[in-house]
Amino acid sequence: MTNLGWVDWTVLLGTLIFIVAYGVWKSRGSKNIKGYLLGDRSSNWWTIGLSVMATQASAITFLSTPGQAFMEGMGFVQFYFGLPLAMVIISAVFIPLYYKLKVYTAYEFLENRFNNKTRLLTASLFLLQRGLAAGITIYAPAIILSQIIGWSLNFTILFIGIMVIIYTVSGGTKAVSQTHKQQMAVIFIGMFIACAFLVNFISDQIGFSEGIKLAGSMGKMEVIDWNFDPSSRYNIWSGIIGGLFLQLSYFGTDQSQVQRYLGGRSLKESRLGLMFNALLKIPMQFFILFVGVLVFLFYQFVLPPLHFNQANVNDVKASEYAVEYEELENLHRDLHDQKRSLILEGVRSEDQINNLAVKEIALMDRGKELIKQANPLAETQDDDYIFITYVINYLPIGIVGLLLAVIFSAAMSSTSAELNALASTATVDIYKRNINQKGDDKHYLASSKWFTFLFGAFAIAFAALASLFDNLIEAVNILGSLFYGTILGVFLVAFFIKKVKGNAVFIAAIISQLFIIALYTLNRLEIIDIGYLWYNLIAPAMVVLFSLIGQAFITSENK
């Protein structure tokens, strides 16, 4: 727990209250379902672009990504290599069809093309995946921030959830889009300030260019892995191929993203918004990862904790393993001092430095073992605490409050888009289509607000019951990869294989989804080893293949 001063509290709470109040004020007056769910189709291209980026850039991005770079280097950026091509395909194929049919959700299109049960299946898969993801996007920052600022976990979850619910229920899509602009401004300002402090510190130690060379020699600057290895999570092939299909599915069929550009003033504005994202997303992720590498360099000169999750450290130091843990801390300090001396003396013996770094990691792993022995229920993966630990302990008063506001803002931005999309899908695809087709516009507007509130309450409840994954950003991407591929496969058949009808694609989608769940289960049991990004290629390929087989069988049966 860190005792924040009044300046940091003022900056943190003032920023968040301003964003919520601004969203409510700017979106006041939505009187019909079109205004509430599509923002009266009034968004310009840069509002769309920022909103699309803010929807994807959750708090998990700013907590986990720097930690991932700290531990594993820049390779995670390959995950986004398929994104620009996906944006081009969506702009050329998906958006014109959505605009032509004047749909509220992506899944309305599927009933026009196939049948209602296919629309209901894909909408249900989306509601399941995105409903769970909304809980994770609240829980992920809450569990870390609660320990940092001293609030209880459940209070932190409630704080984030209620702030989001207030303006999302009040203003719908327009509130989400308007607040996204403010949130992205806070996020970029905060991250650039953090980067500037890190660059200045490293430049004072050995010079910035020397620091980058040092990071490279320690394996942190390798951006591209050219090896084709299906078991590897991140290489250029999984990034371009698997990443392309994941991004196609996410941006082309996930209502939380589709709703951002369906609210555009025109087809041209929506396309420009996606191209804006295509140009900026990879540089943005590269920058966030690079901040993580800079934090790694910072801790080559400043002693890092043996373990970054202070709550776990407190537990082990209150146990029978306290003496052994403190001995590890002393050994860790000695190793760090030796490594720091070699670096500052200008000795560039990569073998010596890297050998000491390997020993350092071994000590950290041993520390995790002791934590687990002290508390078998403890989550010892501490990557997600690395960046926030640096922020809290080494940035000036006021800047700490701003960076905490960055984390909260990112949590709010992604969660608001998710709740907005969940409400749209539940209202339009489930309630209005299958339960009550006779309501008037006012009734469906009220229903949308209630669904927003209910999904917000569900996300809060799931967050309160969730458990921490190894790495939060991977948790969300894995969850998406379990469902997105099947949904994308249905859309690909809808767009490109006209002879396939509803029954065939419906059966193919169910087979594909069951197969991917079985594949993931076998991965978890370590019976097979396939990187999760490949699910996004396997699932749509199966949907397409089994749709063709099923349609051929149905056609022959009818002859």
Side-chain angles (χ1 to χ4, degrees), residues 9-33 35-40 43 47 50-51 54-55 57-59 130-131 133-142 145-146 149 151-187 256 259-260 263 401 404-424 426-427 445-464:
W9 279 115
T10 301
V11 172
L12 170 60
L13 296 177
T15 302
L16 298 182
I17 291 169
F18 169 77
I19 288 171
V20 172
Y22 182 84
V24 171
W25 177 69
K26 286 290 286 185
S27 60
R28 66 196 185 285
S30 291
K31 295 182 173 61
N32 55 52
I33 193 171
Y36 190 75
L37 298 184
L38 296 179
D40 291 317
S43 295
T47 298
L50 287 173
S51 191
T55 298
S58 69
R130 188 49 62 186
I136 294 176
T137 54
I138 293 176
Y139 174 77
L145 290 168
S146 64
I149 63 181
W151 292 349
S152 72
L153 175 60
N154 286 341
F155 178 80
T156 310
I157 289 170
L158 275 173
F159 179 81
I160 296 171
I162 290 172
M163 294 275 278
V164 171
I165 287 171
I166 288 171
Y167 69 82
T168 311
V169 169
S170 171
T173 292
K174 195 176 290 186
V176 172
S177 296
Q178 290 297 332
T179 53
H180 276 171
K181 291 189 289 187
Q182 316 306 316
Q183 287 157 341
M184 288 304 289
V186 171
I187 286 166
S256 65
Q259 197 153 343
R260 307 282 65 79
L404 288 173
V406 166
I407 307 302
F408 275 108
S409 294
M412 290 160 56
S413 68
S414 54
T415 305
S416 65
E418 288 167 337
L419 298 186
N420 188 221
L422 288 164
S424 299
T427 301
L445 173 62
S447 300
S448 299
K449 293 189 175 186
W450 273 109
F451 277 123
T452 304
F453 174 79
L454 290 172
F455 276 111
F458 171 78
I460 291 172
F462 180 75

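- Distance OG1/Thr452 to CG/Leu422: 8.5 Å, rounded to 0.5 Å.
- Relative ring orientation between Phe155 and Trp151 is described as perpendicular, the plane-to-plane angle rising above 60° on a 0-90° scale split at 30° and 60°.
- Taking CZ from Phe159 and CG from Leu13, the interatomic distance works out to 5.5 Å, rounded to the nearest 0.5 Å.
- Residues that satisfy the side-chain contact (heavy atoms from CB on, under 4.5 Å) test with Thr15, not counting sequence neighbours, are Val11, Ile19, Val186, Ala405.
- Applying the side-chain contact (heavy atoms from CB on, under 4.5 Å) criterion to Ile162, with sequence neighbours excluded, gives Leu158, Ile166.
- Met163 and Ile17 get closest at one heavy-atom pair: CE-N, 4.2 Å.
- Here the closest heavy-atom approach between residue Ala459 and residue Ile138 is recorded as CB-CD1, 3.9 Å.
- Atoms CG and CH2, on Leu404 and Trp9 in that order, are 8.0 Å from each other to the nearest 0.5 Å.
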Q: Kindly determine whether Tyr139 and Leu153 satisfy side chain to side chain contact (heavy atoms under 4.5 Å, CB included), including the steps that lead there.
A: CA-CA 9 Å; Tyr139 174 77; Leu153 175 60; 4.1 Å; yes

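- At most 12 heavy atoms of other shown residues, nucleotides or ligands fall within 6.0 angstrom of atom CZ in Phe453.
- For the residue pair Ala423 and Ser448, the shortest heavy atom distance occurs at CB-O, 3.6 Å.
- Taken to the nearest 0.5 Å, the CZ atom of Phe451 stands 5.0 Å off from the OG1 atom of Thr427.
- The NZ atom of Lys449 sits 14.5 Å away from the CG atom of Leu454 when rounded to the nearest 0.5 Å.
- Scanning both residues, Phe458 and Gly131, for their nearest heavy atoms gives CE2-O, 3.5 Å.
- Of all the heavy atoms in Ile157 and Ala142, the pair that sits closest is CG1-CB, 3.5 Å.
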